[in-house]
Amino acid sequence: MPRKTHVPGRRAYSPCSANFRSRTRLSAISSASSAESWSTEPLQGFISHINSSYSGFQFSTTKGFFNVMSIAGYSAESLSNRFRSHYCGLLNPSFEQTEVRLGGWVHRIRDHGGLIFIDLRDHTGICQLVIQPEREELFGKAEQLHAESVICVRGTVVRRSPATVNPKLASGEIEVVLSDISIESNAQPLPFPVADELPTSEELRLKYRFIDLRREKIHQNIIFRSRISGAIRRYLEEKGFIEIQTPILTSSSPEGARDFLVPSRLHPGKFYALPQAPQQFKQLLMVSGFPRYFQIAPCFRDEDARADRSPGEFYQLDMEMAFIEQDDLFAILEGLMEHLVGSMSQKRITQVPFPRISFRDVMNRFGSDKPDLRIPLEMQDVTKLFVNSGFKVFASNTKEGCCVKALVLKGRGNESRLFYDKAEKRARELGSAGLAYIQFKDEGPKGPVVKFMSEDELSALKAELSLETGDVVFFAAGKWEPTCKIMGGMRIYFGDLFELDRDELSFCWIVDFPMFEYNEEAKKVDFSHNPFSMPQGEMDALDTMNPLDILAYQYDIVCNGIELSSGAIRNHKPEIMYKAFGIAGYPKEEVDKRFGHMIDAFKLGAPPHGGIAPGLDRLVMILRDEQNIREVIAFPMNQSAQDLMMSAPSEVLASQLKELCLKIDLPPAKEEKK
RNA sequence: GGAGCUGUAGCUCAGCUUGGUUAGAGCGCCUGCCUGUCACGCAGGAGGUCGCGGGUUCGAGCCCCGUCAGCUCCGCCA
């Protein structure tokens with residue numbers, strides 16, 4: 001494609017500082033993109049109504065026009081046309097006496113009889129419009145307006161008298177005295193208010209999501225999400241990543257979560273599946289020689305919802321890199337997170353590089369593979385103190401595979417009985433048989449298990465755990481992993497006693513996950529995570545070690561108790577793969593049958609590679625302090641995976657089913673109980 | 001599949017513990033008044049199958065059973 005010389009658009013900067021800054025930034029981006037995409041074709045229809053008297057630009061190309069439109073979504077760029085010359089929230093005294101055209105939604109109306117105020121809201125904020133008594137012709141129009149009507153107005157920016165300045169509004173030093181109103185859309189009374197951000201039932205919010213999205217908080221969340229996506233793209237492209245889209249219609253795989261299936265018309269009786277993640281595609285892209293891949297990838301899993309798990313679909317920042325080791329990937333992710341947090345939030349990361357904790361350690365210390373490191377509590381192992389104890393409950397759990405765990409709360413040894421009873425109730429909810437504890441009071445140790453312990457054991461405990469008078473220690477004993485998890489649950493329960501810093505982001509890497517685990521039900525060794533992960537020590541480890549002791553290059557990234565992603569350095573060597581599957585009890589033939597296309601690819605020239613896929617929705621949730629994932633998704637489904645606005649899922653026409661050779665065979669309706 | 005919480009006016013909620021006049025409040029809506037408000041103010045008005053079904057009772061918004069819906073959790077999430 002021949003490139004023509006770039007002709008810059010006409011510019012007329014306002015002296016207003018805020019607007020000036022944003023336009024300056026915009027012009028740099030626009031120039032760059034226009035230079036890339038210049039074409040000589042004029043776009044007469046679209047361009048003719050773009051009036052450049054206030055805005056900075058006049059565009060003459062399709063691409064230039066749309067590039068800037070997309071940027072205008074979050075910058076202060078003001079497109080000037082018959083509807084609007086300025087944005088409400090950006091007006092300030094520097095526009096005094098300027099004739100402006102504004103378009104937006106009626107946020108509130110205050111009708112004083114002889115004088116009407118309208119708060120007009122657009123994407124940028126609110127400004128106050130005034131209808132003066134001498135403008136009688138406007139009163140009739142204004143009096144019929146409801147909240148949330150869309151109007152376009154003309155008027156003059158005037159400075160408010162000092163007594164009437166509204167410090168709550170960014171535009172509170174000015175108001176716009178109207179000369180004309182045009183009602184584009186007079187709204188009927190709404191099912192719930194936009195201006196008062198009152199709590200509203202989730203059902204209504206979802207059904208009328210387009211109204212809910214007008215509310216400032218969620219509106220800003222969606223803008224923020226867009227900006228995060230943009231920042232991710234710019235950062236990763238600069239680091240040599242290539243954005244590649246992978247199929248949405250693909251094949252079903254029996255592993256993992258349930259698939260969403262899509263019937264095939266051309267192949268009756270066969271189905272596509274929506275991808276649970278582009279896992280295989282991204283590994284194949286490495287085999288294709290792309291050094292670094294990324295995609296903000298939709299992932300579909302037919303699983304039940306949670307507060308941090310949207311049912312059906314979610315987005316991952318999917319990444320994969322060739323010729324890397326675990327540390328290389330960690331450095332890239334740490335750089336990206338540092339960049340995003342630093343440039344887009346007020347939060348700070350506790351420690352960079354992020355701490356790395358082995359799976360064994362994190363379970364022993366925090367009782368979870370997704371610890372909230374902000375909670376200043378850590379479990380301790382006291383198994384060895386009770387090997388010969390007279391307290392059978394503990395002594396019987398000192399053998400191999402079992403443990404006794406202690407959790408100390410400093411200065412909580414003199415709480416009311418209720419405090420300890422509630423803690424025990426919580427422990428039972430978590431699956432514990434009970435919750436032993438010892439209060440170290442002025443008069444000595446107290447608690448239900450003290451009588452089973454010798455003086456020596458109590459003083460050994462005191463020394464081992466550095467206990468002081470006024471402290472309390474809780475115990476759990478049993479098999480290693482469940483016991484750790486129960487105490488981990490208690491650690492979170494007691495975490496409420498501490499005020500956590502909401503602006504702190506305590507990232508960490510959990511590393512050294514075991515490659516295999518023993519499946520008690522099937523009485524065999526199983527993969528504990530992704531079978532495609534590379535075992536640490538590679539073939540040598542598989543040949544010589546006890547399978548249950550082999551670790552994998554498998555890792556999780558965790559922030560404030562939320563798992564953002566798993567990832568792994570992949571196993572790209574077919575012989576190691578066959579060996580690993582063999583240990584898990586899969587013969588070569590079966591591996592070929594189930595994963596043949598992957599293994600074939602790895603036989604045809606595969607580089608070492610690895611990757612990760614942080615959940616974008618969860619990342620945005622954390623950065624925006626949201627407790628529910630729906631708050632960062634424009635059109636989410638409800639808990640039972642229905643779209644209440646679009647009425648999905650829905651029945652389809654019989655003719656559609658017939659074309660797909662499908663018959664509906666519902667289970668019989670439940671018998672009425674008598 | 002299981003458990004918990006919630007369901008009363010268009011919206012947000014009170015009333016339910018201890019069944020008993022005509023089921024209330026704020027916001028919104030309608031009518032009228034109001035020239036400096038910014039959650040404007042003032043006066044008046046309309047608006048209810050108390051989620052739905054059954055039961056107990058002389059009588060149920062309230063008690064019991066079932067059911068539906070929303071949320072949260074467990075299971076599930078290679």
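First the proteins, then the strands, lettered A, B, ... as listed; each starts at 1.
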Give none if B:U21 has no partner; otherwise give the nucleotide forming a Watson-Crick or G-U wobble pair with it, both distances under 3.5 Å. none
Paired with B:G66: which nucleotide, if any, by Watson-Crick or G-U wobble criteria at under 3.5 Å for both distances? B:C52
Do A:Trp480 and A:Met363 make a side-chain contact, defined as non-hydrogen atoms from C-beta onward lying under 4.5 Å apart? yes
5'-most contact on RNA chain B (nearest-nucleotide basis), A:Pro199 vs A:Arg110, goes to A:Pro199
I'd like to check, for A:Phe192, whether its ring lies over the base of B:C11 with centroids under 5.5 Å apart and a plane angle smaller than 30°. no
Would you indicate which nucleotide in B:A39, B:U72, B:G36 comes nearest to any side-chain atom of A:Arg160? B:G36
Could you tell me how far apart A:Asp302 (CG) and B:G75 (P) are, to the nearest whole angstrom? 18 Å
Touch class at under 4.0 angstrom, heavy-atom based, for A:Thr164 against every strand present: base
Classify the nucleic acid contact of A:Arg108 as base, sugar-phosphate or nothing, counting any heavy atom under 4.0 Å across all strands shown. sugar-phosphate
Hey, does the side-chain of A:Asp304 have a donor or acceptor N/O within less than 3.5 Å of a partner on the base of B:G75? yes
The side chain of A:Ser640 lies closest to which of these nucleotides: B:G70, B:C30, B:C77? B:G70
If you check every side-chain atom of A:Asn638, which of B:C29, B:G70, B:G36 has the closest atom? B:G70
Taking the P atom in each of B:C77 and B:G4, what is the distance between them to the nearest angstrom? 24 Å
State whether A:Lys168 places a side-chain N or O below 4.0 Å from either non-bridging phosphate oxygen (OP1 or OP2) of B:A39. yes
Residue A:Glu175, side-chain atoms from C-beta onward, closest of B:C71, B:G36, B:C29: B:G36
Give me the distance, rounded to whole Å, that separates B:U8 from B:A14 when you measure between the C1' atoms they each carry. 10 Å
Taking the side chain of A:Gln128 as its heavy atoms from C-beta onward, which of B:C76, B:U37, B:C71 lies nearest to it? B:U37
Around atom CH2 of A:Trp509, are there more than 12 heavy atoms from other residues, nucleotides or ligands closer than 6.0 Å? yes
Nearest-Å distance for atom pair CG/C1', residues A:Leu204 and B:U6: 14 Å
Take the protein atom CZ of A:Phe516 and the nucleotide atom P of B:A78, then report the distance between them rounded to whole Å. 18 Å
Touch class at under 4.0 angstrom, heavy-atom based, for A:Gln279 against every strand present: base
A:His112 stacking on B:C40: centroids under 5.5 Å, ring planes under 30°? yes
What's the gap between B:G1 and B:C76 when it is taken at their C1' atoms, as a whole Å value? 10 Å
From B:C30, B:U72, B:C38, pick the nucleotide closest to the side chain of A:His146? B:C30
A:Gln188 atom CD: more than 12 heavy-atom contacts under 6.0 Å: no
Inter-nucleotide C1' distance (B:C63, B:C27), Å rounded: 33 Å
Side chain of A:Asp111, heavy atoms from C-beta onward: which of B:C34, B:C77, B:G70 has the nearest atom to it? B:C34
Report yes or no: do A:Asp512 and A:Gln536 form a side-chain donor-acceptor pair below 3.5 Å? yes
Could you check how far CZ of A:Phe300 sits from C1' of B:C77, rounded to whole Å? 16 Å
Using Watson-Crick or G-U wobble geometry with both distances under 3.5 Å, which nucleotide pairs with B:G4? B:C71
Taking only the C1' atom of each, what is the distance from B:G61 to B:A9 in whole angstrom? 14 Å
Counting only distance, no hydrogens or angles, is the base of B:C77 paired donor-acceptor with the side chain of A:Arg309 under 3.5 Å? yes
Report which part of the nucleic acid A:Arg630 touches: base, sugar-phosphate, or nothing (heavy-atom distance under 4.0 Å, all strands). sugar-phosphate
Any donor-acceptor pair under 3.5 Å joining the side chain of A:Arg306 to the base of B:G75? yes
Can a donor-acceptor pair under 3.5 Å be found between the side-chain atoms of A:Gln642 and the base atoms of B:G70? no
Let's test this: given Watson-Crick or G-U wobble pairing with both distances under 3.5 Å, identify the partner of B:C11. B:G26
Give a yes or no on whether A:Tyr272 atom OH has more than 12 heavy-atom contacts from other residues, nucleotides or ligands under 6.0 Å away. no
Using whole Å, report how far CG of A:Asp196 lies from P of B:C38. 14 Å
What nucleotide among B:C11, B:G36, B:C71 has an atom nearest to a side-chain atom of A:Gln132? B:G36
Does A:Asn628 put a side-chain nitrogen or oxygen below 4.0 Å from OP1 or OP2 of B:U72? yes
Take atom CD1 of A:Ile116 and atom P of B:G41, then tell me their distance rounded to the nearest Å. 16 Å
On the six-membered ring of A:Tyr586, is A:Lys524 placed so that its NZ or CZ lies under 6.0 angstrom from the centre and within 45° of the ring axis? yes
Same-atom distance (C1') from B:G26 to B:U17, integer angstrom: 25 Å
Round to the nearest Å and state the distance from A:Ile629 atom CD1 to B:U72 atom P. 11 Å
Quick one: does NZ or CZ of A:Lys588 land under 6.0 Å from the six-membered ring centre of A:Tyr578, within 45 degrees of the ring axis? yes
Expressed as a whole number of angstroms, how long is the span from A:Leu644:CG to B:C71:C1'? 12 Å
Touch check for A:Pro133, heavy atoms < 4.0 angstrom, all strands: base, sugar-phosphate only, or nothing? base
Considering only the C1' atoms, how many Å lie between B:C62 and B:C71, rounded to the nearest integer? 24 Å
In a check of side-chain hydrogen bond (donor to acceptor under 3.5 Å, both in side chains) between A:Glu320 and each of A:Arg570, A:Gln279, A:Gln283, which one passes? A:Arg570
Who is the Watson-Crick or G-U wobble partner of B:G59, with both distances under 3.5 Å? none
Please determine if a side-chain N or O atom of A:Gln639 lies less than 4.0 Å away from the OP1 or OP2 oxygen of B:U72. yes
Could you pick out which residue, A:Ala257 or A:Gln627, lies toward the 5' side of RNA chain B when each is mapped onto its nearest nucleotide? A:Gln627
From the list B:G75, B:U35, B:C38, which nucleotide is the closest neighbour of the side chain of A:Leu115? B:U35
Set out, in order, the CA-CA distance, both residues' side-chain angles and the distance that settles side-chain contact (heavy atoms from CB on, under 4.5 Å) for A:Ile218 and A:Arg205, then state yes or no. CA-CA 11 Å; A:Ile218 190 163; A:Arg205 291 183 59 199; 3.8 Å; yes
Distance between P atoms of B:A23 and B:G47 (Å, rounded): 13 Å
